[in-house]
Every structure is written in structure tokens, then in C-alpha cells.
Amino acid sequence: MSKTPQAIRGTQDIFGAEAEAFAHVVATFERIRKLYRFRRAEMPVFEKTEVFSRSLGETTDVVSKEMYSFEDRGGESLTLRPEFTAGIARAFLTDGWQQHVPLKLATHGPLFRYERPQKGRYRQFHQIDAEWIGSAEPQADVELLTMADHLLKELGVADGVTLQLNTLGDGTSREAWRVALIEHFGAHRLELSEDSQERLERNPLRILDSKDPRDQAFVGDAPKIDAFLSAEAQDFFAEVTSGLDAAGVSWTRNQALVRGLDYYRHTAFEFVTDRLGAQGTVLGGGRYDGLMESLGGAPTPAVGWAAGIERLAMLVEMKAEDSADCIVVVEDDAMMAPAFAALRKIRGAGLSADLMASGSPRKRFDKAVKSGAHSILALSSRDGAPDYRIKADPAGTARLETALGDLLATRSGTGDA
RNA sequence: GCGAUCGUAGCUCAGUUGGUUAGAGCGCCGGUUUGUGGUACCGGAGGUCGGGGGUUCAAGACCCCUCGAUCGCCCCA
């Protein structure tokens, strides 16, 4: 006997009530996405590595140390998708989806990131995703955020979740702000945390949401993006916020909210909860007007968001799996054939049904009762003649008898559920 | 990549300062009781104590390494 191989670190096998919660999140997303007229898309789970390295930015953590990359047999570097947006952008460019612009897309599936697993964070994880490509208007941002808000409310997880909103301005606003931040924090370089001294080089915006008290001393009087916004960028953000107010979506401004990936411009947002430990972000996204160009396409404005299915599933009220509408108990193995016939009829009538026909015949009925089945059909023999009994409430008994028709004629008793 | 805690039957766990054949509950299998039924009782299967090395007369307990889990940091959904 050889040893059983272990599952890969950071992967999960989802089962039972957890799997039901997972499926519930996906089903709810599918329903809402149709309400908002987003079209389904499916992309490959792996792409040429450059799809991600060019669009996310070489210096981002995702690209520099978290990608699952490998060479295929032809020696080409491929990568398991760490996010959806880059792959969607590639498909948009290579498949001629420009003709559908403005294009509203929805997808969901597995993503891969080589990270240390912890609560609500896995190496293979799953997201739902919505993108609106080819619309430069703030109405796209408003609609997308309204849909996200709607989804969270439908899932019943909106309590304790707040929408934090910020703008990063257009390209020139963002760059001017970035320079000012480097200047501001650079003046205190040695007083910053080691992490932030590093951030100063790689991603100075990130210092703003540092948790280190040494950094927070300088965050308060750091330059604000508002001071660098062009008139157009200010107008854009104002239209987004007034649109949200009109749609009844509540939000709070968070000037320290930035995005980790290079392609974001203008609107940035996160729906945040305090119920998931260190993994507070439940849904996040923003506008990425610069992305298509980085992949060699024509400038194409776009907005999108993604949400972790595992994180949402953890917030959803755990629902137990449904118990069977009916369990058919075979108390005498001679009754196996009629049991199969009865099951087919019961299921044909739209009732979920299970068969209980193994183990000690005397204990089968008890096991059916214990399972919480709504009704039980017991098949046995009495003095050599077939016999059946139903245990259910009157309505359940009637439903069962209708389903069975004249299949079973001889019965000796009923009982209340 | 860094830190902390943890890893004993299918599941939840107990196992005293290292000391005989490693336990319980639940679940599973079989039987008895009950007999129209979610009861009670009896019995059974199932563990290389995550893996490897070391200390010791003796290790599930102590030390080292390794794998994994959990919770943080970094980063992110």
C-alpha cells in the first residue's frame, strides 16, 4: 500500500454546507448579473506570462513573487491566472470584441496566487467578476457599484460591510500626487518602517494604508489626491458620487484607499468588513483606463470589480443541506424492485428522494427518521405479501400517493410526521 | 518571505512531572430490546499518536529537521 498524496498547500476541498454556501453565492451573482444585463464570458485559466506581467506591472507583488508560472513543452512561459481582468482584456483585443462596445461582461472561476494561506485566503481561490469595457462615462462606475451593492444585499451580507470610495485621478493627476508623496515621505525616510522605506521605491501610495504606527505619524499630513486632481477628474468623481447617492448606495470617502495594481485610474473602491480578520476586503475594483494600451491595444476605458467567493460564502448564513422530501426504506430485500420503481415515480413528480436499503433491515427505518426526511415510504412483506406504509403529515402523504399512482396498492398504515 | 500557536481513531477531543497491551463521545458495522417506530443495552471494526532523526533503561509527551493547519505581518479578493 502506498501513501496517499496530500492536497496542495493552500487548496481546499469544499463539501456539504460549505459547498452549498459557495454555490449560493455563485447562483445569486448569476441572477443579479442578468438583472443588470451583463453577458457571460469564459476565459482560459492560463495565459502567456506576459499577459499578466505587462498589465499588472512588473514591480507589483503579484507579478514579482505570487504567480504560478511554468514552461510548457515548447519552452513558452505560461501563468495560471492570478486575476480576471488581464485575461479579459487580452480576449477583448484578440477576439475582436471591440465590435460589442460598450461591453458588459461577467465571469467567475478559480484564480491562483502563490501566497501564505490564512483565513479567507488560498492559493487557489475563486472570484466572481464584473467588467464594463469601453465606457468612459461615470455612469458605468455608478451602475457597477450599484450592482455590487445590490448583490451584497441579496446575499444578506451587507450588514457590517461598508463601501469605501476614492479617486486616483487621471494619469497626470496620479503621477503628480505620486511625486508629492515621495517628496513628503522621503523627507522622513529613516523614521519610516522598513516596509515603507521599501514602498517608497516600489509603490509610495501604499504607505498611506500602512498599519505601522511609525508610518501613521506622517500619513495624517501627507498630500491629498484632491489637491492634484484636474478639473475633469474632479467632475468625474463628483458624478460618480452623486450617481451613487441617487441610486441609494451608501459610501464613505477613504482618501487612503489605493489599489495595488498599476493600471487603475479614477475610481477605486472596496467593500470592507471587520468580520473576516485580516482579510477585510470582500469586493474590490476600480477604473482601469490605461490597461488596454499596456497590452498593445487602442486606448479603451473600462471599469470592473471582483469579489472572493470564499469570503462571501463565509459571511453568508450557513444553511444546512436540505433533507430529503422522501426516503424509501426497503425493510425486506425482496421489495428492492418496487423500491426502484417507486423512486423513479417520486422523483418524476419533483420530489427529492433517497434509498435506504443497506445495513441491518431492522435499523433502516430508524436511520431514515434520524435523517430528518419529510416523508418516509417503507416497503416490507407481511405474510409473504407486499406491504407499504407512509410516515408523513397528511399533505405529504397525499403528495406521495399522487406521485405513486397505482404502483403500490396494498398498504397497512400511515403515521404523522 | 517573516512571526506565533497547533497536528492522538472517519469526526470532536482526553491522555497527569516521559513509565506496562493508547482512551471517551459521536459516527460506522452486527446483535438484543422496543414493535409502527427518532429508545435503551451488548458486542465489533478502525490508530506506524502528521513524517524523519535524536536524547533516554523507557517518548504520544523532551530536542532538531520536515510537511501540513490555524492566526497575524507583507500583499491582496
Side-chain angles (χ1 to χ4, degrees), chain A residues 1 3-12 15-16 25 56 59-67 81-85 108-130 148 161 193-196 198-199 202-203 205-207 209-212 215 257-261 269-273 276-286 304-315 323 327 329 331 358-373 376 378 380 382 387-392 411-417:
Chain A
M1 268 298 238
K3 231 178 160 177
T4 306
Q6 290 182 307
I8 303 299
R9 174 172 216 191
T11 63
Q12 37 175 356
F15 170 75
V25 170
L56 303 187
T59 63
T60 57
D61 276 32
V62 171
V63 170
S64 61
K65 54 188 189 194
E66 294 173 2
M67 293 206 301
R81 43 141 88 145
E83 58 131 44
F84 282 115
T85 307
H108 65 83
L111 278 344
F112 305 84
R113 239 116 104 166
Y114 193 92
E115 292 184 284
R116 190 75 174 261
Q118 54 184 279
K119 187 183 184 70
R121 156 186 290 188
Y122 306 93
R123 287 185 171 180
Q124 177 180 333
F125 58 107
H126 302 79
Q127 287 186 346
I128 51 180
D129 180 280
V161 176
S193 67
E194 296 74 16
D195 283 333
S196 285
E198 176 79 5
R199 289 187 185 109
R202 301 172 79 92
N203 195 351
L205 278 58
R206 274 284 160 198
I207 301 176
D209 55 7
S210 168
K211 290 167 189 160
D212 196 303
D215 300 329
L257 176 69
V258 296
R259 303 267 71 208
L261 309 177
F269 53 86
E270 286 181 8
F271 286 81
V272 179
T273 179
L276 289 178
Q279 272 61 246
T281 303
V282 127
L283 183 153
W305 56 250
I309 299 177
E310 288 87 351
R311 292 186 186 177
L312 288 172
M314 282 190 276
L315 293 174
S323 40
I327 291 185
V329 177
E331 295 193 286
S358 63
S360 170
R362 317 184 68 162
K363 291 184 175 174
R364 292 174 190 172
F365 193 94
D366 282 351
K367 286 200 280 191
V369 172
K370 271 194 186 177
S371 79
I376 296 171
S380 61
R382 173 170 287 203
D387 182 40
Y388 78 98
R389 287 183 301 275
I390 291 171
K391 176 180 166 60
R411 61 177 297 178
S412 66
T414 58
D416 291 337

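Per chain, numbering begins at 1; letters A, B, ... match sequence-line order.
Here NZ of A:Lys211 is found 11.0 Å from CG of A:Asp195. Values are rounded to the nearest 0.5 Å. Note that CZ of A:Phe365 is 10.0 Å distant from CD1 of A:Ile327, once rounded to the nearest 0.5 Å.
Taking the C1' atom of each, B:rA9 and B:rG15 are spaced 14 Å apart, rounded to whole Å. Nucleotides B:rA45 and B:rA24 are separated by 12 Å at their P atoms, to the nearest Å. When the C1' atom is compared between B:rC13 and B:rU56, the two are found 29 Å apart, to the nearest whole Å.
In this structure, A:Arg121 does not reach the B:rC71 phosphate: none of its side-chain N or O atoms is under 4.0 Å from OP1 or OP2. Using a 4.0 Å cut-off, no side-chain N or O of A:Arg206 falls inside it from OP1 or OP2 of B:rC75. Side-chain N/O atoms of A:Lys119 include none lying less than 4.0 angstrom from OP1 or OP2 on B:rC76. Residue A:Lys211 places at least one side-chain N or O under 4.0 Å from the OP1 or OP2 atom of B:rC74. Side-chain N/O atoms of A:Arg199 include one lying less than 4.0 angstrom from OP1 or OP2 on B:rC75. Contact between the side-chain N/O atoms of A:Gln127 and the OP1/OP2 oxygens of B:rA77 is not found at any separation under 4.0 Å.
Listed nucleotides B:rC74, B:rC71, B:rG38 differ in distance to A:Lys370; the shortest reach to its side chain belongs to B:rG38. Listed nucleotides: B:rC74, B:rA77, B:rU39. Nearest to the side chain of A:Glu115: B:rA77.
Nucleic acid contact for A:Arg311: base, since at least one base atom lies under 4.0 Å from a heavy atom of the residue. A:Gly120 comes within contact range of at least one nucleobase, with a heavy-atom separation under 4.0 Å. A:Gly280 comes within 4.0 angstrom of no nucleic acid atom, judged by non-hydrogen atoms across all strands. A:Glu194 comes within contact range of no nucleotide atom at all, as no heavy-atom separation falls under 4.0 Å.
Sequence order on RNA chain B of the closest nucleotides to A:His126 and A:Ile8 puts A:Ile8 first from the 5' end.
Between A:Arg389 and A:Glu331 there is a salt bridge, since a side-chain N of the basic residue sits under 4.0 Å from a carboxylate O of the acidic one.
For the residue pair A:Glu310 and A:Gln12, a side-chain donor N or O sits within less than 3.5 Å of a side-chain acceptor on the partner.
At a threshold of 4.5 Å between non-hydrogen side-chain atoms, the residues A:Arg9 and A:Arg123 count as touching.
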